[in-house]
Number of protein chains: 2
Amino acid sequence: MTPRTPAPRSRRDRPAKPALTHDAIVAAAVRLMAAEGLQRVTMRRLAQELDTGPASLYVYVAGTAELHAAILADLLGEVDLASAAGDGDWRDRLAQVLLSYTRVLFDHPGLAHSALVARPSGPHYLALVETILALLHEGGVPDGQAAWGVDVLLQVATATAAEQSARSGDPDAEKDHDALVEALGQASSRTYPRIAALGADLSSGSPQQRLAWIFRAVVNGTAGTPRSAG
Amino acid sequence: MTPRTPAPRSRRDRPAKPALTHDAIVAAAVRLMAAEGLQRVTMRRLAQELDTGPASLYVYVAGTAELHAAILADLLGEVDLASAAGDGDWRDRLAQVLLSYTRVLFDHPGLAHSALVARPSGPHYLALVETILALLHEGGVPDGQAAWGVDVLLQVATATAAEQSARSGDPDAEKDHDALVEALGQASSRTYPRIAALGADLSSGSPQQRLAWIFRAVVNGTAGTPRSAG
DNA sequence: ACCTGAACACCGTTCAAGT
DNA sequence: ACCTGAACACCGTTCAAGT
């Protein structure tokens, strides 16, 4: 009889080799990223994981860029939007949402980087934007400013996550940062008087303190800067 | 007459195969990037350009990351800091400096991306930071806020350049953006009431208008947000 | 009609072996 | 002591050929 593929008596629901679909591929990609990091989620590595050749993936996925964008869209579901509904100050709740977003990016090495390159998309992203807009609205920020401000807020959150994400993980990046701090500290007061005057202040504060201030500053700027000449 | 670099009768200063040094490698890398874009500045391609094998480069350069950081440090010399010394409003002069920085990044595809990943360094970067700090000082922005604000300012400028840089160039990125605009426009007013309410406003304005507003907003936020709880 | 093996054209980085 | 050929271990993407 030699029954290889022995007795699939029910339907072929063995999870070993799932049918290739866009969704199945993205799901596998998310699993792979959780296990090995985004940098390992390549078309070839993923194909290997799915027991097929890389060419087969291209039937369902446009390429690496689309794949990474799809992972981001999916993972954005982990952002905690519930804190937006609390009853504290709207600014604090907004900061909490942005902080959750930052944390999601930060917790998945490489993801922040991907968020900077490919514009996010999907329902989770829309929900995030909606939540931020609602909080700005609640705070009385004029619509036009809120519309433009939401982009800046997400941009600084993303860039900050990318920066910190690059720093932890890679020991070289840590050295680069130390070198920069050193360079700022050593700056001659003749050539760089303001840098010298500010000194250690330039690199003061914990990442958390800085990020909290950044969110406050950008929210204030958004709230207080009219879109027509000012 | 045809006087093309007439007669190199002196020492072996034939530019064909310059001695390998860190500086010579970076100079070649900058030339290569100008000719073919950052994505082509790889250790292998650069070695080929320098008539050697990739292994030889590793004697002078730590790897691709350091190489790209060195290119960025060099190209930052193209930022126009002179407008800082004019006599208009300090905010306008600051915006001009930041715009010049954005343009330098934008004009070199891939460079903005590199600036987001590797923290910039070198004298040109220091000069840029110094100039921004001086303008914030002139504007009466408290030192502590200026110290943290300069980072945010450069961060949004860099991220904006990276975004626009990715969009032009790559036709897929353009499609992604259109898809996002479409998604925002189609958003149901039941699920996403604020997105629906703002509608086209979310993607209104030219990149220039948006960037000008962003700079104003972040400067205002920096100027108006104290570092201790606010 | 649909899928994919195999190839094309690249990468970064290391290290044993040469000069 | 200094440099590098050659190798290792990967990439993304395409397309002719198979089923």
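Just so you know, these numbers come straight off a predicted model, no measurement behind them. Here is how names work: the chains are called A, B, and so on, in the same order as the sequence lines, proteins then strands, and each is numbered from 1.
A salt bridge between B/Arg119 and A/Glu163 is present, with a side-chain N of the basic residue lying under 4.0 Å from a carboxylate O of the acidic one.
Atom CG of A/Asp51 and atom P of C/dG5 are 11 Å apart (whole Å). Rounded to a whole Å, the CZ atom of B/Arg45 is 16 Å from the C1' atom of C/dG12. Whole-Å rounding puts the A/Arg44 CZ to C/dC8 P distance at 13 Å. Here C/dA7 presents its P atom at 18 Å from OH of A/Tyr58, a figure rounded to the nearest Å. Atom-to-atom, CG of B/Leu46 to P of D/dT4 comes out at 14 Å; the value is rounded to the nearest Å. Distance CD (B/Glu66) to C1' (C/dG12): 15 Å, rounded to an integer number of Å. What separates CG of B/Leu57 from C1' of D/dG5 is a distance of 15 Å, to the nearest Å. Atom CZ of A/Arg40 and atom C1' of C/dG12 are 12 Å apart (whole Å).
A 4.5 Å side-chain heavy-atom check between A/Phe215 and A/Leu99 finds at least one atom pair inside the cut-off.
Taking side-chain N and O atoms only, B/Ser56 has no distance below 4.0 Å to OP1 or OP2 of D/dC3. In this model, the phosphate group of C/dC11 is not approached by any side-chain N or O of B/Thr64 to a distance below 4.0 Å at OP1 or OP2. Within the 4.0 Å cut-off from OP1 or OP2 of D/dC3, at least one side-chain nitrogen or oxygen of B/Tyr60 is found.
Here the straight-line distance linking atom OH of A/Tyr60 with atom CG of A/Leu67 works out to 15.0 Å at 0.5 Å rounding.
In summary, of the residues considered (A/Val218, A/Leu154, A/Val79), a side chain to side chain contact (heavy atoms under 4.5 Å, CB included) with A/Leu98 occurs for A/Leu154 alone.
Nearest to the side-chain atoms of B/Thr42 among the listed nucleotides C/dC11, D/dG12, D/dG5 stands C/dC11.
Under the Watson-Crick or G-U wobble criterion, with both distances below 3.5 Å, C/dC11 is left unpaired in every strand shown. Nucleotide D/dA1 forms a pair with C/dT19, judged by Watson-Crick or G-U wobble geometry with both contacts under 3.5 Å.
A/Thr222 and A/Trp148 share no side-chain donor-acceptor pair at under 3.5 Å.
Nucleotides D/dA9 and C/dC8, compared at atom P, are 22 Å apart to the nearest Å.
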